[in-house]
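Since we're looking at a predicted model, the values are computed, not measured.
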Amino acid sequence: MLNKTKLFDYQKTAANLIIAKKQIALFMAPGLGKTAATLQALAYLKPKSILVVAPIAVCETVWAAEAAKWQETKHLSFSLLRGTPSQRVKALKTPADVYLINYDLLHWLVPLHCCFDAVVFDELTFLKSAKSRRFKAAMKLKAPIRIGLTGTPTCNSLMGLWSQVQTVAPGAN
């Protein structure tokens with residue numbers, strides 16, 4: 001478990017929960033360092049391939065920048081799956097530790113049957129509707145490590161919360 005890192009104690013707790021559970025949703029207030037805690041947990045778990053699903057602005061600006069701040073994760077390489085289908089395929093074929101894709105392109109990735117050891121759903125509330133194309137695509141992703149992150153687990157009903165939890169722990173009751 002994480003002990004020597006410079007995370008705050010609550011971030012260490014979050015990272016250690018990810019390490020122990022491997023299928024978990026972190027509902028932490030915005031700005032409390034969910035990304036840093038997740039990166040530290042992933043550095044400890046050492047999955048061979050990681051997919052981060054997030055809003056495009058988060059894909060472009062948050063993950064690589066946050067990884068660069070930490071000794072344990074500054075070596076990670078990133079590939080952004082964006083652009084035309086051929087540009088996305090090229091980015092997917094580019095060797096990287098972490099692949100980033102936005103929620104609106106997730107349906108494109110699923111039929112390619114890509115294998116990832118870990119998938120992170122950043123801004124998990126994008127999956128609050130079990131009837132949405134995003135949710136259906138997310139449920140088809142197979143990965144033993146599934147992490148959901150949000151500072152605002154808002155929804156209009158319990159089913160909205162159910163779909164967010166179901167995304168990270170398929171089959172959980």
Counting only N and O atoms by type, is there a donor-acceptor contact under 3.5 Å from the side chain of [X] to the main-chain atoms of [Y]?
| X | Y | value |
| --- | --- | --- |
| Thr150 | Phe27 | no |
| Glu66 | Thr35 | no |
| Ser79 | Tyr99 | no |
| Thr73 | Lys69 | no |
| Arg146 | Leu141 | yes |
| Tyr10 | Leu32 | yes |
| Lys34 | Met28 | yes |
| Arg88 | Gly83 | yes |

For [X] against [Y], the heavy-atom pair lying closest together:
| X | Y | result |
| --- | --- | --- |
| Leu7 | Gln40 | CD1-CG, 3.5 Å |
| Leu105 | Leu81 | CD1-O, 3.7 Å |
| Asp122 | Pro55 | O-CD, 3.7 Å |
| Ser129 | Ser163 | N-OG, 3.7 Å |
| Phe121 | Val119 | CE1-CG1, 3.6 Å |
| Ser49 | Cys115 | OG-O, 3.4 Å |

Practice item. Please work out whether the ring planes of Phe135 and Trp162 are parallel, tilted or perpendicular, with thresholds of 30° and 60°. Key: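 The rings of Phe135 and Trp162 sit tilted, inter-plane angle from 30° to 60°.
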Supply the atom-to-atom distance [X] [atom1] to [Y] [atom2], rounded to the nearest 0.5 angstrom.
| X | Y | atom1 | atom2 | result |
| --- | --- | --- | --- | --- |
| Met139 | Leu106 | CE | CG | 12.0 Å |
| Leu45 | Ile19 | CG | CD1 | 5.5 Å |
| Ile50 | Leu76 | CD1 | CG | 6.0 Å |
| Ile147 | Thr167 | CD1 | OG1 | 13.5 Å |
| Asp104 | Arg134 | CG | CZ | 4.5 Å |
| Leu109 | Asn102 | CG | CG | 11.0 Å |

Review point. Does atom NZ of Lys21 have more than 12 heavy-atom neighbours from other groups under 6.0 Å away?
Key: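 No.
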Exercise for review: Could you give me the CA-CA distance, side-chain angles and deciding distance for Val120 and Val98, then say whether side chain to side chain contact (heavy atoms under 4.5 Å, CB included) is met?
Suggested key: CA-CA 10 Å; Val120 178; Val98 181; over 6 Å; no
Review point. Please walk me through it: do Thr38 and Leu26 pass side chain to side chain contact (heavy atoms under 4.5 Å, CB included)?
Key: CA-CA 9 Å; Thr38 301; Leu26 295 181; 4.2 Å; yes
Check your understanding: Which is it for Trp108 and Val89 under the side chain to side chain contact (heavy atoms under 4.5 Å, CB included) test, yes or no, and what are the steps along the way?
Key -> CA-CA 10 Å; Trp108 167 84; Val89 168; 3.7 Å; yes
Check your understanding: Which is it for Leu100 and Val58 under the side chain to side chain contact (heavy atoms under 4.5 Å, CB included) test, yes or no, and what are the steps along the way?
Key -> CA-CA 9 Å; Leu100 301 132; Val58 174; over 6 Å; no
